[in-house]
Amino acid sequence: PGTVVSITPSVVAGARPAGVPFNITLDSGQTYLLQATGDLTGTRITGVNALDFSLCAGATCITVNNACCCDHIYEQMAPIPNLGTEYVTVPYSVPQADKFRVLAVQNGTTVNKNGALLTTLNAGQYFDYNSTTVDYITSNLAVSIVQLMGSSQSGGGANDLGDPFMIALNPTAQRINVITFPTIAFISAGNYLWFVNVVAKTADVPTILLDGVAPPVGTFTPCPGNNA
């Protein structure tokens with residue numbers, strides 16, 4: 001049997017009205033694309049017949065922080081059981097502020113930033129904020145958080161490093177102790193820099209190795225509101 005998926009758009013999407021669920025059926029290897037001119041954040045997507053499926057979300061060309069220039073963003077979304085109530089967010093190594101989007105899956109979700117109330121959300125609602133600092137985000141109910149890099153000119157420079165892209169953040173409960181990641185070899189001329197953000201428990205910092213070498217002393221920054 002095919003995989004039956006129920007979709008409830010948060011905004012009008014083509015002929016699909018907002019808030020009205022509809023079902024699609026997919027066989028192995030098939031995909032379905034839902035598009036809208038509005039923001040589909042908060043759209044509810046559930047499996048009907050207990051068969052697994054993957055979900056990706058994004059935009060064809062988006063600017064972040066109202067500045068040039070736009071880029072395509074795309075990310076695989078985590079299922080609700082993999083979300084959490086505790087996140088540590090780390091800014092990218094660029095001048096422009098990062099944008100963070102917090103999405104609630106249950107009514108009455110309170111979200112705190114470094115111990116102070118940030119927002120209260122109901123299911124399907126989201127809250128955006130910018131930050132250039134390491135932050136400790138907690139909530140009473142599970143939330144999803146994505147981090148977007150600002151457009152290159154949103155930092156005030158004509159051509160700052162970086163451009164829009166999106167990463168779905170993992171809660172602290174999803175930590176692992178071995179990670180392998182690739183970098184891209186560019187064939188065009190130019191100066192390119194690579195950055196990696198690492199979040200770790202304070203006690204584990206002396207054990208962290210990058211390609212077998214310990215990072216320089218002082219590389220890690222304490223997280224406000226969470227000294228663990």
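With hydrophobic clusters built from ILVMFWY side chains whose heavy atoms lie under 4.5 angstrom apart, Val146 shares a cluster with Ile73. Grouping the Ile, Leu, Val, Met, Phe, Trp and Tyr side chains by contacts below 4.5 angstrom, directly or via other members, places Ile145 with Phe127. A continuous path of hydrophobic side-chain contacts links Val5 to Leu40 [ILVMFWY only; heavy atoms under 4.5 Å]. Val102 and Leu141 are members of different hydrophobic clusters when ILVMFWY side chains are connected at heavy-atom separations under 4.5 Å.
Checked by atom type and distance alone, the side chain of Asn107 pairs as donor or acceptor with a backbone atom of Ala123 at under 3.5 Å. The backbone N or O of Thr133 sits less than 3.5 Å from a side-chain atom of Ser131, completing a donor-acceptor pair. Between the side chain of Asn122 and the main chain of Gly108, a donor-acceptor pair closer than 3.5 Å is present. Checked by atom type and distance alone, the side chain of Gln125 never pairs as donor or acceptor with a backbone atom of Thr109 at under 3.5 Å.
The one candidate from Val134, Thr202, Val90 that meets the side chain to side chain contact (heavy atoms under 4.5 Å, CB included) condition with Cys223 is Val134.
No more than 12 heavy atoms of other residues, nucleotides or ligands shown are found within 6.0 angstrom of OH on Tyr74.
Between Lys113 and Asn130, the closest heavy-atom pair is NZ-O, 4.3 Å. Ile7 and Leu34 get closest at one heavy-atom pair: CG2-CD2, 3.9 Å.
A distance of 9.5 Å separates CZ in Arg101 from CE in Met166, rounded to the nearest 0.5 Å.
With sequence neighbours left out, the side chain to side chain donor-acceptor pair (under 3.5 Å) criterion links Thr119 to no other residue.
Between Phe165 and Tyr92, the ring center distance clears the sub-6.0 Å criterion.
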